[in-house]
Every structure is written in C-alpha cells, then in structure tokens.
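Reviewing the structure listed below.
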Amino acid sequence: MPELPEVETVRRGLAPVMEGHVIASAQVNRPDLRWPFPERMAERLAGKKVQALRRRSKYILADLSSGETLIIHLGMSGRMLISGAQLGQFHHDHPAPAKHDHVVLDMENGARVTFNDARRFGAMDLTPTEGVEDHWLIRDIGPEPLGNAFNEAYLVQRFKGRNTPVKSALLDQRLVAGLGNIYVCEVLYRAGISPSRKAGRIAAARVAGLVPIIRAVLEEAIEAGGSSLRDYRQADGELGYFQHGFRVYDREGQPCLTEGCASTIGRIVQSGRSSFFCPTCQR
DNA sequence: ATGTGTTCCTGTCCGC
DNA sequence: TGCGGACAGGAACACA
C-alpha cells in the first residue's frame with residue numbers, strides 16, 4: 001500500500017524509538033517475505049545500534065553500527081507497530097503476537113517494533129551501508145520527487161517520445177521515485193490530465209506543471225501523516241495508515257469535487273491498476 | 001529499448 | 001453463512 005508519504009510517516013514514527021537506540025534482539029518468524037531473508041538476519045541485527053533511519057523512495061533504510069544497512073519495504077500490506085512506548089515513556093507491555101507478525105525487534109529501551117505483512121509482498125535485506133544506493137533493489141530508482149534532481153527540465157526530457165500512458169509513466173519508479181496508484185491518480189486529477197494520455201504527447205508546459213503538483217500532493221500527504229502520527233502514538237502504535245482526503249481515488253460514481261463540474265468520477269483499468277478520473281476535468 | 005500482461009499472497013467485500 | 005469473483009496502496013519478471 002504504502003506510497004512515499006506513508007513510508008515517510010512510518011519512518012518518522014519509528015525514529016524516536018529506533019534512531020540512536022540499540023536493537024536488543026530480533027525475532028524472525030519465517031524464512032522469507034517476497035524473497036528469503038538474509039542469512040542469519042536475527043543475529044546480525046542483535047546488539048547493533050541504529051545510527052540513522054533514512055528513506056529512499058518507498059524503502060526505509062536503517063543504518064547499523066555494524067556497517068550494514070537494513071533495507072525494509074512494506075509492499076502492499078506491510079505495517080509497522082510500536083508497542084511498549086507511549087508518550088515518550090516506556091511501559092514494557094506488548095500486545096499478543098498477531099497473525100502475520102513476521103519480524104519483531106526488541107529495542108534496549110523497551111520499545112518493540114513489529115513488522116506485520118499479510119500478503120508478504122514486503123521485503124527485508126541487509127547490505128553494507130557503503131554502497132547501499134547500488135543495491136539491486138534501489139540502484140535503478142529515479143530521483144526523489146521532493147529533491148532538486150526532480151525538476152521541470154528532467155520530467156520534460158523523460159516524457160519525450162514515450163508512448164506509454166502518463167499514468168504508467170508516473171508509476172514507473174525508474175522515472176520518479178515513490179509515487180503509487182493513489183497519488184498518481186490525485187496528481188493527474190489536480191493537473192487536469194487524462195490518465196490515458198500518452199506521456200510523449202503532452203505539451204511541455206503541462207508536463208512541467210506536473211512537477212509542482214507532484215511536490216504539493218506528496219507534501220500535503222506527509223503533513224497529514226504527521227498530524228495522524230500524534231494520534232497513533234496515543235492510540236495503538238500502528239504507523240502509516242492514516243485517513244487522507246483523496247479527491248478522486250476510490251471515488252468512482254461520486255460527484256467530481258471541482259467547483260462547477262457536474263460529472264461523476266470514472267474508473268478505468270490500466271495495466272491491471274484502477275485509474276480514477278473526471279472525464280470532464282481531465283483531458 | 002519499450003510496452004504490456006502475469007504473478008506472488010491473503011484478506012475483504014459484494015452479489016447470489 | 002457459504003461460495004465465487006473482483007479487488008486491494010507494489011513491482012519483478014517474462015515475453016511481444
């Protein structure tokens with residue numbers, strides 16, 4: 001599920017209990033998720049301090065004092081739960097293990113971080129921190145949409161000559177990092193561009209206009225995640241799944257929210273994914 | 001090189 | 001209440 005804003009929200013939620021703290025022990029309850037876990041993962045995590053908790057695209061990167069980095073991907077259904085830490089205090093009691101709790105990290109500070117992933121499209125790997133950007137899962141990913149390398153000239157260049165629908169182009173992680181089905185729908189709605197339009201046939205000015213829209217949509221979602229984070233810390237400690245007011249995603253058959261537009265939101269399937277759009281506002 | 005369809009897995013929801 | 005099918009926030013992989 002989680003797209004860039006949700007992963008960033010998870011990272012920010014984990015940081016207070018993990019960054020600068022030592023993993024006392026790790027429990028690994030199955031041999032694999034999408035791929036096998038790295039050899040001896042539990043042993044390689046135990047006793048290591050998390051020096052930094054970073055994010056690259058939809059990956060969370062935990063740099064360890066051993067010189068290795070734990071790479072975490074949440075896939076479609078991956079969740080992170082914090083227990084034993086509330087309101088800055090550690091109370092040391094944890095909920096009963098749940099179905100699909102695959103990896104459990106017990107921190108020396110008493111907090112417990114549980115990775116739960118029903119569909120098991122998630123992944124974890126351990127790799128040397130030096131060169132983690134060249135790891136096979138990460139090396140081909142495009143620029144961070146909130147960074148300087150992602151800009152108008154870049155996107156215009158990358159769209160040039162592409163015969164694929166703009167929806168597919170923006171989902172392509174090699175082109176830009178971190179966008180998923182929800183936020184691509186939201187971006188194209190805000191930009192007034194049909195998801196079916198071929199990327200290479202959009203006027204350069206409109207392509208350039210996508211850049212600030214992508215940034216705004218993601219930043220607003222991160223902000224919404226940030227405010228939800230405070231609630232989660234008070235509630236059950238589950239991170240990353242927050243209610244965010246989507247303006248077009250999952251609104252098939254409901255009225256378009258654009259002022260003065262009388263259309264209803266439609267849905268088409270593009271390469272197996274639902275695209276929600278307004279047939280009037282998006283051309 | 002690009003573009004598209006299939007696949008991995010479990011859970012939920014909706015119509016009969 | 002059961003059953004079948006569609007669908008779900010990802011992305012690697014196989015193939016045209």
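- Residues that satisfy the side chain to side chain contact (heavy atoms under 4.5 Å, CB included) test with A:Gln157, not counting sequence neighbours, are A:Lys160.
- Here, C:dA11 and B:dT12 have their P atoms 23 Å apart, quoted to the whole Å.
- Here the P atom of nucleotide B:dT2 and the NZ atom of A:Lys160 are 14 Å apart, to the nearest Å.
- Legend: residues meeting side-chain hydrogen bond (donor to acceptor under 3.5 Å, both in side chains) with A:Glu133, ordered by chain and number and at least two apart, are absent.
- On the P atoms, B:dG3 is 22 Å away from C:dG9, given to the nearest whole Å.
- Put simply, CE on A:Met80 is 16 Å from C1' on C:dG9, counting in whole angstrom units.
- When each of B:dT4, C:dA8, C:dG9 is scored by its nearest atom to the side-chain atoms of A:Pro165, the top-ranked nucleotide is B:dT4.
- A:Arg273 has no side-chain polar atom (N or O) that falls below the 4.0 Å cut-off from OP1 or OP2 of C:dA8.
- Between B:dG3 and A:Asn163, no contact under 4.0 Å exists linking OP1 or OP2 to a side-chain N or O.
- Looking at residues two or more places apart in sequence or on another chain, you find no side chain to side chain contact (heavy atoms under 4.5 Å, CB included) involving A:Arg283.
- Residues of residues 187-195 of chain A having a heavy atom closer than 4.0 Å to DNA chain C: none are found.
- Partners of A:Tyr249 under the ring-ring contact (aromatic ring centres under 6.0 Å, His included) rule, at least two apart in sequence or in another chain, are A:Phe246, A:Phe276.
- Of the candidates B:dT4, C:dA11, C:dG9, the closest approach to any side-chain atom of A:Lys58 belongs to C:dA11.
- For the pair A:Lys167 NZ and B:dT2 C1', the interatomic distance rounds to 18 Å; values are reported in whole Å.
- A salt bridge links A:Arg112 with A:Asp106: the closest approach of a Lys/Arg side-chain nitrogen to an acidic carboxylate oxygen falls below 4.0 angstrom.
- For the ring-ring contact (aromatic ring centres under 6.0 Å, His included) test, no residue two or more places apart in sequence or in another chain qualifies with A:Phe159.
- Side-chain nitrogen and oxygen atoms of A:Tyr249 include at least one within less than 4.0 Å of the OP1 or OP2 phosphate oxygen of C:dG9.
- Atom pair A:Leu33:CG and C:dA12:C1' shows a separation of 15 Å (rounding to whole Å applied).
- With a cut-off of 3.5 Å on both pairing distances, the Watson-Crick and G-U wobble pairs of DNA chain B assemble into stems of 3 or more at B:2-8 with C:10-16, B:10-16 with C:2-8.
- For A:Arg174 and B:dT2, the shortest distance from a side-chain N or O to OP1 or OP2 is not below 4.0 Å.
- No side-chain donor-acceptor contact under 3.5 Å links A:Glu8 to the backbone of A:Arg55.
- Using a cutoff of 4.0 Å between basic side-chain nitrogens and carboxylate oxygens, A:Asp172 and A:Arg162 are scored as salt-bridged.
- One can place CG of A:Asp117 at 15 Å from P of C:dG9, the figure rounded to the nearest angstrom.
- A:Leu179 places its CG atom 13 Å from the C1' atom of C:dG10, with the value rounded to the nearest Å.
- Across the protein-nucleic acid pair, A:Phe276 atom CZ and C:dG9 atom C1' stand 11 Å apart, rounded to whole Å.
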#### Entry: Per-nucleotide protein contact string for nucleotides 5-12 of chain B (B base, S sugar-phosphate only, - none; heavy atom under 4.0 Å)
---BBBS-
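- Note on A:Ser274: only backbone sugar-phosphate atoms sit closer than 4.0 angstrom, heavy atoms only; bases stay farther off.
- Using modelled atom types and a 3.5 Å distance limit, the side chains of A:Asn181 and A:Lys167 yield a donor-acceptor pair.
- Every residue two or more places apart in sequence or in another chain was checked for a side-chain hydrogen bond (donor to acceptor under 3.5 Å, both in side chains) with A:Glu219, and none qualifies.
- A straight line from CH2 of A:Trp35 to P of C:dA11 spans 9 Å, rounded to a whole angstrom.
- Within the structure, ring-ring contact (aromatic ring centres under 6.0 Å, His included) contacts touching residues 36-58 of chain A (residues at least two apart or in different chains) do not occur.
- Using atom P as the reference point in both C:dA6 and B:dT6, the two lie 13 Å apart (nearest Å).
- Take A:Pro95 and apply the side chain to side chain contact (heavy atoms under 4.5 Å, CB included) test, not counting sequence neighbours, and it matches A:Leu81, A:Ser83.
- Every side-chain hydrogen bond (donor to acceptor under 3.5 Å, both in side chains) that A:Thr129 has, sequence neighbours left out, goes to A:Thr69.
- Of the candidate nucleotides C:dG9, C:dA8, B:dG3, C:dA8 has the atom lying nearest to any side-chain atom of A:Arg267.
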